[in-house]
K.L.:
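This structure is in structure tokens; I'll ask about it shortly.
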Amino acid sequence: MAKTLEQWSATLQRVPQMVDGLNDIIKDSALKLPDRRYLFMYQSPEMQNFREMSDMDAIAKRQQDHRILREEVLETARETGGNVPD
């Protein structure tokens with residue numbers, strides 16, 4: 001049996017028109033961007049110094065842990081009479 005005009009037109013997809021694109025542009029133009037002062041504050045020299053100081057604290061902690069481990073190895077080597085590395 002042949003399709004009727006209503007059945008046939010129900011299967012068609014709507015082709016986007018220029019008006020649809022303009023409506024999308026108008027709808028998206030209400031996009032609100034974040035305030036730039038927080039970006040400026042994050043990139044300020046004071047904040048960079050603060051971040052560098054926290055990185056330096058982490059490096060100092062790792063170096064201290066390594067020194068303590070090395071001292072324990074040396075002490076154990078002395079106590080057991082083994083070779084003491086320099």
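Here, residue 1 is the first one in the sequence, and each next residue gets the next number.
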K.L.:
If you look at every heavy atom in Gln43 and Gln48, which pair is closest and at what distance?
P.N.:
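The answer is O-NE2, 3.3 Å.
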
K.L.:
Give a yes or no on whether the backbone of Gln17 and the side-chain of Asp20 come within a donor-acceptor separation of less than 3.5 Å.
P.N.:
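Between the backbone of Gln17 and the side chain of Asp20 there is a qualifying donor-acceptor contact (under 3.5 Å).
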
K.L.:
Nearest 0.5 Å, please: how far is CD in Glu75 from CZ in Arg70?
P.N.:
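Between atom CZ of Arg70 and atom CD of Glu75 there are 14.0 Å.
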
K.L.:
CG of Leu39 to CZ of Arg37: how many Å apart, nearest 0.5 Å?
P.N.:
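It comes to 12.5 Å.
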
K.L.:
Name the residue from Thr4, Thr11, Leu5 that meets the side chain to side chain contact (heavy atoms under 4.5 Å, CB included) definition with Gln7.
P.N.:
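Checked Thr4, Thr11, Leu5 against Gln7; only one passes side chain to side chain contact (heavy atoms under 4.5 Å, CB included): Thr4.
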
K.L.:
Could you measure the distance from the CG atom of Asn49 to the CE atom of Met56? Nearest 0.5 Å is fine.
P.N.:
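Spacing of CG (Asn49) from CE (Met56) equals 10.0 Å.
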
K.L.:
Does a salt bridge link Asp65 with Lys61, judged by any charged N lying under 4.0 Å from a carboxylate O?
P.N.:
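Yes, charged N to carboxylate O under 4.0 Å.
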
K.L.:
Between Gln64 and Arg67, is the side-chain contact (heavy atoms from CB on, under 4.5 Å) condition met? List the steps.
P.N.:
CA-CA 5 Å; Gln64 180 183 12; Arg67 274 194 304 270; 4.0 Å; yes

K.L.:
Is there side-chain contact between Met47 and Phe40, with heavy atoms separated by less than 4.5 Å?
P.N.:
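No, side chains not in contact.
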
K.L.:
Measuring from atom OG of Ser9 to atom NZ of Lys3, what distance do you get when rounded to the nearest 0.5 angstrom?
P.N.:
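These two atoms lie 10.0 Å from each other.
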
